[in-house]
Amino acid sequence: MYRTHTCGELRGTDDQQTVTLAGWVARVRDLGGVIFVTLRDRYGKTQLVFDPEENPELAADAKRLRAEWVLRVDGNVRKRPDDMINPKMPTGEIEIVVTSIEKLATPDTPPLLPEDEFEPSEEHRLRWRFLDLRRARMQRNLAKRHELAQITRRYFSDLGFMEIETPFLTRSTPEGARDFVVPSRLHHGQWYALPQSPQTYKQILMVAGYDRYFQVVRCFRDEDFRANRQPEFTQIDVEMSFCDPDDVMGVTEGLMKKIFEDQLNVPFPDKVQQMSYDEAIRRFGSDKPDLRFGNELVDLTDLFAGNGFGVIDNTVKAGGRVIGVLAQGQVKSSRKVVGEWESFVKERGLGGLMPLRKVDGNWPGPLGKFIPESNLEQAAELLGMNLESDLAFVAVAPAPRVHEVMGMLRLELAQKFEWIPADKHELLWVVDFPLLEYDEEAKRHVALHHPFTAPDPATYEQYKDSEPTKILSQAYDLVWNGEEVAGGSIRIHDREMQMKMFNLLGMSEEEAKTRFSFLMEALEYGAPPHGGIAFGFDRLVMLITGESSIRDVIPFPKTTQAVALFEGAPGKIDATQFRELGLSPKSDTQN
RNA sequence: GGGGCAGUAGCUCAGUUUGGUUAGAGUAUCGGCCUGUCACGCCGAGGGUCGCGGGUUCGAGUCCCGUCUGCCCCGCCA
């Protein structure tokens, strides 16, 4: 038998028991006589003791133990004297008086010590992932990940949802992110694509009558990566038939309530507030506003325009807006610091940033030069400024870019000056998204959500032929502390409507039929009204564990260059593989 | 695609501003001492392609150019 107990379970009440433990050597503390060894497994750590007076041979052997050796030990549980209890360890009341050791593996010095005090670079951690994953924090994170998957499956199953798998080898579809593609060996010149999400499959499952579907599923997108964006990531994918947005939102809130109450011990709001996309952009410059702090954007256009300030007047005439944001307590910011904030917005496409503040009874800077004092005072009032202590930043630029950038500034200021309370949780639904936006580069409309999102009927009728970007959609995003944790919509279930949507996206009937044949076909044969949502599973786990990087909740993540440092992917393939696939490598990429 | 930061001992970092003797510290490793530690402590030793390539210079970890890797931001990501 390798073990009778794990390294995390023995307590004072187990005193005198004969036990066998197995695990990794975390530390050896050789005091010259008595030797302590901390043994680790994923359940915890337990202290082993070797006393040379009781067993000199065994103690001599224990002296030679090294970090990360794998041991099986027999021994007796001994309750520690009161003054030697380690209150920081769950097993701190006891230790094991070892009677025999079996060394199951005696590795050389490892390149990384998986103890919390050592924090190697991320590159190193990813290169030696199997060692890094031994650390307690990573084991806790992956345990939380497992737990959330279990909660999810239980929750949806109890509500009558079925988990149904959908293919990973599917066909490439236009719209949306770039596909990862896989060459076909049996059909040279043909390619599979890995799904960006199971979107079309879950809609087809609705047509097939599986009226409540969910799946914890991997999705793949070949775009440029960032913090918290991986080429493959996991979604909790949900779809239901005969539902309106409230049904989907209700089901979504139910899972969030479980997460809040059972995982975070945070009360869940009776009613999750809703905010329109338009309002979110106007007030926070973002479609995922962080409501944990104020400093809302304030539109100062009416106060500042028309006073002979050229930049403002000209920009406003061309449709721009003047937007201000409060920076409390910052009235004394130096010219240099203000300049740094200006660089921040300039890097994001604004022309400049003007400080608004009163110093020694004057309003320094360009605003004070052109804008009447009463208007400046009204602006300060609207921004909620305390003129003794506060500063505000003002920018003028075309909307909505000015809102977006000032929203980024708001977040950056909040982070820098620590305005966000650590224990606060703010949830909201963002609704009434535009259905379409105009893509200047492609010279056509593109779907804001995806091309299967149902339009809001009223605005559709009103604007379909005149101003399609004013059509709203039946989409909804759940935002938690400024992070989008779930997003979904009611889908188009009518073939004609779907065809009109493709037309709005600049696709001909023929094109739509070819590219979305299977969906169009399904919509022809009795599609129920349906809708759904998808949660970003990795992000949820990150928020639950309190981690700040998605990579710390994914066992084998990729770098921002989409490289797997541990396995070494992507890698070359050999000439035979090329031949079988009917492909010929460019000379410089062949082995 | 654009920008920022970083790369020095197995690991984490200092040294780069202002070029100049033998590149340091902590930790890990090895040796010695130590009987109640829990990041044990003390003494000592070994350990370096200063990411890589080129350039400037009498002399480069330090300055210049290029390049690779990691992280972060903008764009992108329905």
Side-chain angles (χ1 to χ4, degrees), chain A residues 26-39 45-54 59 64 66-68 78 80-81 83-89 91-92 95 108-128 131-132 173-179 196-197 199-200 219-231 233 343-350 401 404-405 408 411-412 433-437 439 441 445-453 473 475 477 484 487-489 501 505 534 536 548-549 551 558-561 563 565:
Chain A
R27 286 184 190 277
V28 179
R29 291 179 296 280
D30 176 359
L31 272 59
V34 66
I35 297 156
F36 298 102
V37 174
T38 310
L39 197 66
K45 291 176 187 170
T46 299
Q47 173 162 289
L48 313 177
V49 201
F50 300 86
D51 188 336
E53 285 180 8
E54 288 175 31
R64 291 191 292 271
R66 289 296 173 264
E68 302 310 309
R78 181 163 76 191
R80 301 192 199 179
D83 55 337
M84 287 162 201
I85 287 173
N86 184 347
K88 286 184 284 186
M89 286 173 77
T91 64
E95 58 199 4
D108 286 339
T109 309
L112 174 163
L113 288 175
E115 294 291 304
D116 290 341
E117 312 81 70
F118 302 96
E119 180 80 32
S121 68
E122 184 138 23
E123 194 173 355
H124 200 66
R125 289 177 56 200
L126 292 177
R127 167 65 185 84
W128 299 99
L131 293 174
D132 189 59
T173 51
E175 303 289 317
R178 196 175 294 114
D179 289 319
Q196 297 170 27
S197 82
Q199 183 61 36
T200 41
C219 304
F220 307 87
R221 293 179 191 175
D222 188 4
E223 289 293 339
D224 287 348
F225 302 103
R226 287 274 197 93
N228 302 338
R229 241 165 49 192
Q230 287 274 312
F233 60 97
S343 307
F344 179 89
V345 302
K346 279 184 166 174
E347 283 158 12
R348 286 158 180 75
L350 298 193
R401 189 61 194 166
E404 289 163 5
V405 175
M408 292 182 201
L411 286 175
E412 190 71 15
F433 283 85
L435 184 70
L436 305 166
E437 59 188 350
D439 183 335
E441 213 170 298
H445 290 101
V446 294
L448 194 75
H449 192 58
H450 58 54
F452 318 111
T453 301
S473 72
D477 277 3
E484 184 197 326
S489 63
M501 180 68 186
L505 297 175
S548 52
S549 168
R551 291 182 298 272
K558 310 244 180 326
T559 68
T560 50
Q561 297 299 311
V563 170
L565 292 177

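Values below: every heavy atom of this structure, side chains too, minus hydrogens, waters and symmetry copies. Order of the sequence lines sets the chain letters (A, B, ...), proteins ahead of strands, with each chain counted from 1.
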Suppose you measure atom [atom1] in [N] against the same atom in [M]; what distance do you get, rounded to whole Å?
{"N": "G66(B)", "M": "A23(B)", "atom1": "P", "answer": "30 Å"}
{"N": "G46(B)", "M": "G24(B)", "atom1": "C1'", "answer": "16 Å"}
{"N": "A14(B)", "M": "A6(B)", "atom1": "P", "answer": "9 Å"}
{"N": "C68(B)", "M": "G48(B)", "atom1": "P", "answer": "29 Å"}
{"N": "G26(B)", "M": "C72(B)", "atom1": "C1'", "answer": "27 Å"}
{"N": "U16(B)", "M": "G3(B)", "atom1": "C1'", "answer": "23 Å"}
{"N": "C63(B)", "M": "G20(B)", "atom1": "P", "answer": "11 Å"}
{"N": "G1(B)", "M": "C76(B)", "atom1": "C1'", "answer": "9 Å"}

Please give, in whole Å, the distance from [N] [atom2] to [X] [atom1]?
{"X": "Leu565(A)", "N": "C68(B)", "atom1": "CG", "atom2": "C1'", "result": "13 Å"}
{"X": "Trp128(A)", "N": "U12(B)", "atom1": "CH2", "atom2": "P", "result": "13 Å"}
{"X": "Gln230(A)", "N": "C76(B)", "atom1": "CD", "atom2": "P", "result": "21 Å"}
{"X": "Asp132(A)", "N": "U12(B)", "atom1": "CG", "atom2": "C1'", "result": "14 Å"}
{"X": "Phe36(A)", "N": "C34(B)", "atom1": "CZ", "atom2": "C1'", "result": "13 Å"}
{"X": "Asp108(A)", "N": "A28(B)", "atom1": "CG", "atom2": "P", "result": "17 Å"}
{"X": "Phe50(A)", "N": "C38(B)", "atom1": "CZ", "atom2": "C1'", "result": "15 Å"}
{"X": "Leu350(A)", "N": "C74(B)", "atom1": "CG", "atom2": "P", "result": "13 Å"}

Test side chain to side chain contact (heavy atoms under 4.5 Å, CB included) applied to [X] - qualifying residues, sequence neighbours left out:
{"X": "Pro434(A)", "answer": "Tyr277(A), Leu448(A)"}
{"X": "Val446(A)", "answer": "Glu437(A), Asp439(A), Arg444(A)"}
{"X": "Glu123(A)", "answer": "Ser121(A), Leu565(A)"}

### Query
Residues in ring pair (Phe, Tyr, Trp, His ring centres under 6.0 Å) with Phe220(A), at least two apart?
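With sequence neighbours excluded, Phe220(A) shows a ring pair (Phe, Tyr, Trp, His ring centres under 6.0 Å) to Phe168(A), given in chain and number order.
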### Listed partners of Phe50(A) passing ring pair (Phe, Tyr, Trp, His ring centres under 6.0 Å), at least two apart
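With sequence neighbours excluded, Phe50(A) shows a ring pair (Phe, Tyr, Trp, His ring centres under 6.0 Å) to no residue whatsoever.
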### Along RNA chain B (nearest heavy atom to each residue), the more 5'-positioned of Ala177(A) and Gly33(A)
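Looking at the nearest nucleotide for each, Gly33(A) comes out on the 5' side.
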#### Entry: Given RNA chain B, 5'-ward residue of the pair Val563(A) and Arg178(A), judged by closest heavy atom
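Closer to the 5' end of RNA chain B: Val563(A).
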With no angle test and no hydrogens, is the base of [N] tied to the side chain of [X] by a donor-acceptor pair under 3.5 Å?
{"X": "Gln47(A)", "N": "U37(B)", "answer": "yes"}
{"X": "Arg80(A)", "N": "C38(B)", "answer": "yes"}
{"X": "Arg226(A)", "N": "G70(B)", "answer": "no"}
{"X": "Arg127(A)", "N": "U69(B)", "answer": "no"}

Tell me which nucleotide, if any, is Watson-Crick or G-U wobble paired with [N] when both distances must be under 3.5 Å.
{"N": "G24(B)", "value": "C13(B)"}
{"N": "G61(B)", "value": "none"}
{"N": "G19(B)", "value": "none"}

Should [X] be listed as having a side-chain N or O under 4.0 Å from OP1 or OP2 of [N]?
{"X": "Lys88(A)", "N": "A39(B)", "result": "yes"}
{"X": "Thr560(A)", "N": "G70(B)", "result": "no"}
{"X": "Arg551(A)", "N": "C72(B)", "result": "yes"}

Could you tell me which residues satisfy salt bridge (charged side-chain N to carboxylate O under 4.0 Å, His left out) with [X], sequence neighbours excluded, listed by chain and number?
{"X": "Arg226(A)", "answer": "none"}
{"X": "Arg401(A)", "answer": "Glu404(A)"}
{"X": "Asp132(A)", "answer": "Arg125(A), Arg129(A), Arg135(A)"}
{"X": "Arg348(A)", "answer": "none"}

N/O contacts under 3.5 Å, protein versus nucleotides 1-11 of chain B?
from  : atom 1 : to        : atom 2 : distance (Å)
G1(B) : N7     : Asp224(A) : OD2    : 3.4

Using only atom types and a distance under 3.5 Å, with no angle test, would you say the side chain of [X] pairs donor to acceptor with the backbone of [Y]?
{"X": "Arg66(A)", "Y": "Thr109(A)", "answer": "no"}
{"X": "His445(A)", "Y": "Leu435(A)", "answer": "no"}
{"X": "Arg80(A)", "Y": "Gly92(A)", "answer": "yes"}

What's the shortest heavy-atom distance between [X] and [Y], and which atoms?
{"X": "Gly488(A)", "Y": "Asp477(A)", "result": "N-OD1, 4.1 Å"}
{"X": "Gln230(A)", "Y": "Phe225(A)", "result": "C-CE2, 3.5 Å"}
{"X": "Phe233(A)", "Y": "Gln196(A)", "result": "CZ-O, 4.3 Å"}

### Task
Assign Glu115(A) to base, sugar-phosphate, or nothing according to its heavy-atom contacts below 4.0 angstrom with the strands shown.
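Glu115(A): no heavy atom of the nucleic acid under 4.0 Å.
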Atom pairs, protein N/O to nucleotides 40-47 of chain B N/O, distance under 3.5 Å:
from   : atom 1 : to       : atom 2 : distance (Å)
C40(B) : OP2    : Arg29(A) : NH1    : 2.9
C40(B) : N4     : Asp30(A) : O      : 2.5

Picking from [options], which would you name as closest to the side chain of [X]?
{"X": "Arg348(A)", "options": "C76(B), G36(B), C74(B)", "result": "C74(B)"}
{"X": "Glu223(A)", "options": "G70(B), U37(B), C77(B)", "result": "C77(B)"}
{"X": "Glu123(A)", "options": "C73(B), C38(B), U69(B)", "result": "U69(B)"}
{"X": "Arg401(A)", "options": "G75(B), G36(B), C77(B)", "result": "G75(B)"}

Contact list (N/O, under 3.5 angstrom) for nucleotides 30-32 of chain B vs protein:
from   : atom 1 : to       : atom 2 : distance (Å)
C30(B) : OP1    : Arg66(A) : NE     : 3.2
C30(B) : OP2    : Arg66(A) : NE     : 3.0

